[in-house]
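Note sheet for the following structure.
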Amino acid sequence: MMATLPPSIGNVLALIKLRITSSRLRMLDLASFCNHSMLTVLNFQHNRIRSLKDTSTHQCDVYSSLFTLNLSYNWLTTVSMELFSRFVNLRHLRIDYNRLVTLDDTFVHHFLQVFYGGHNRITRQSICGWYLPNATTLVIFKQNELETVPLCIDKLVDETSLSISGNRLVNFSIENVVRLDKLKALDLSSNKLQTLLLSTVKFPARLILINLQDNMLTSLDLSCIPVRSLKIDAKNNFISYFDVNGTSANVTCLSMYGNPIDCSWKSAQEREQIQCVYTSVPKIRRMLPLHKASELQLL
C-alpha cells in the first residue's frame with residue numbers, strides 16, 4: 001500500500017472529491033493538488049500521515065476551490081496553521097485524533113466555519129493571534145493534555161458551548177471566561193480539578209450549565225452565583241463538605257451523585273426539602289485515570 005500519493009494524481013484535473021482512508025499513507029504534500037481548480041473535498045482520515053506540507057512555489061487553483069480538509073486519525077505531531085490559511089475558501093477543517101503537542105499561536109482565516117482539533121496531546125496553548133470571524137463550531141481543547149487554561153481563551157466571544165474536558169487542569173476560575181457573553185454551556189469534566197472558583201460577580205452573563213463531573217473536588221462553594229438560573233453537574237468527585245443553606249438561590253439544579261455527600265436537587269421545590277445523603281466513595285476511583293470525557297447534558 002502506498003506511503004505517498006502517486007504523481008499521476010496531478011493529471012486528474014476534473015477531480016471534485018478525493019477520499020483516501022485506512023491506508024499506509026505517511027506523507028502528504030498538498031502541492032499535488034495545485035492545479036485542481038474543481039477540487040472541493042479532501043478526506044485523508046485514518047491513515048498514518050506524519051508529515052504535512054505544501055511545496056507549491058506559486059498561487060494554486062486549489063487554494064480557492066477547497067472547502068473541506070479532513071486529516072483526523074493520523075500520526076501528525078506538528079502542523080503549520082499558516083498552511084491552512086492559504087486555502088482561502090476552506091469551511092471545514094479537522095486535525096483531531098492526531099498526536100499534536102501544540103498549535104501555532106497565530107491562525108487567521110476569514111471564512112473557516114468548523115474546526116476540530118481535540119483528541120491530541122496539547123499541553124499548553126495560546127490563541128492570542130487567532131482570528132476566525134466566521135467560525136461557528138470550534139472544538140479545539142477537548143481531550144488533550146492541557147495543564148493550564150489556554151491563553152486568550154476570552155477571544156472566543158461567539159462560542160455558546162466550550163469544552164475543556166478530558167485534560168489535566170488542576171485549578172480553574174470562572175473569571176477566565178467572563179468575557180464570553182454568549183457562552184451557555186461549559187464542560188470541565190474529566191480533568192484533575194482540585195480548586196475551583198465559581199462564587200464571584202465576574203460571571204459569563206448567559207451561562208446556564210457547568211459540567212464538573214469526574215474531577216477531584218473535595219468541596220464546592222456556590223454562595224455567589226450572579227446568573228438567574230444555573231445547572232451544575234458535579235457527579236463523581238470527592239466532595240465531603242457542602243453548604244446547602246449558603247448556596248445561591250440561582251443554582252436551580254445540582255447533581256452530586258457519586259460524592260461522599262450527595263445534596264442533589266432538580267428543582268427549587270426539591271431543594272426546599274433536601275436532605276443530604278452521606279455515602280462512601282470507593283477508593284479505587286482515586287487511582288483510575290480519567291480517560292473519557294463526559295458529555296454535557298441538561299439535567
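Heavy atoms only: backbone and side chains are in, while hydrogens, waters and symmetry mates are out. Keep in mind that what you see is a predicted model, and the values were worked out from it rather than measured.
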Does the side chain of [X] pick up a donor-acceptor pair with the side chain of [Y] at under 3.5 Å?
X: T106; Y: D104; result: no
X: S64; Y: N89; result: no
X: T252; Y: S229; result: yes
X: T200; Y: E175; result: yes
X: D233; Y: Q213; result: yes
X: D214; Y: S189; result: no

So do the side chains of [X] and [Y] get within less than 4.5 Å of each other, counting heavy atoms only?
X: F44; Y: L18; answer: yes
X: F84; Y: I95; answer: yes
X: D181; Y: R206; answer: no
X: L13; Y: S37; answer: no
X: S56; Y: Y63; answer: yes
X: R91; Y: F111; answer: yes
X: L222; Y: L220; answer: yes

Connected via hydrophobic side-chain network under 4.5 Å: [X] and [Y]:
X: L83; Y: L25; answer: yes
X: L230; Y: L197; answer: no
X: I153; Y: V178; answer: no
X: L28; Y: Y116; answer: no
X: I239; Y: V244; answer: yes

(request) Just jot down the disulfide bond (SG atoms under 2.5 Å apart) partners of C224, sequence neighbours excluded, or say none. (result) none
Nearest-0.5 Å distance that lies between atom [atom1] in [X] and atom [atom2] in [Y]:
X: S165; Y: L188; atom1: OG; atom2: CG; value: 8.5 Å
X: L52; Y: I49; atom1: CG; atom2: CD1; value: 7.5 Å
X: T102; Y: R121; atom1: OG1; atom2: CZ; value: 14.5 Å

(message) If you compare all heavy atoms of N250 against all heavy atoms of I225, which two are closest, and at what distance to 0.1 Å?
(response) ND2-O, 2.6 Å
(request) Identify the two heavy atoms, one from S65 and one from H36, that lie closest to each other, and give their separation to 0.1 Å. (result)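 Residues S65 and H36, closest heavy atoms: OG-O, 3.2 Å.
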(message) Which label fits Y73 and H46: parallel for a plane angle under 30°, tilted from 30 to 60°, or perpendicular past 60°?
(response)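 Parallel, since the angle between the ring planes stays under 30°.
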(request) Could you label the plane-to-plane angle of the W130 and F115 rings as parallel, tilted or perpendicular, counting under 30° as parallel and over 60° as perpendicular? (result) tilted
(request) Report, as yes or no, whether the 6.0 Å neighbourhood of atom NZ on K184 holds more than 12 heavy atoms from other residues, nucleotides or ligands. (result) no
(message) If you count heavy atoms of other groups shown closer than 6.0 angstrom to CZ of R228, is the number above 12?
(response)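 Atom CZ in R228 is not crowded, with 12 or fewer foreign heavy atoms closer than 6.0 Å.
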(message) Run the side-chain contact (heavy atoms from CB on, under 4.5 Å) test against E159 and tell me which residues pass, sequence neighbours left out.
(response)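 E159: side-chain contact (heavy atoms from CB on, under 4.5 Å) contacts with L138, L156.
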(message) List the residues meeting ring-ring contact (aromatic ring centres under 6.0 Å, His included) with Y131, not counting sequence neighbours, and say none if there are none.
(response)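 Once residues adjacent in sequence are excluded, the partners of Y131 under the ring-ring contact (aromatic ring centres under 6.0 Å, His included) criterion are H110.
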(message) Looking at K53 and D29, is any side-chain nitrogen of the basic one under 4.0 Å from a carboxylate oxygen of the acidic one?
(response)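 Between K53 and D29 there is no salt bridge, as every charged N stays at least 4.0 Å from the carboxylate O atoms.
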(request) Begin from the C-alpha positions of R86 and D54 and carry the test salt bridge (charged side-chain N to carboxylate O under 4.0 Å, His left out) through to its verdict. (result) CA-CA 10 Å; R86 300 176 193 177; D54 176 15; 2.8 Å; yes
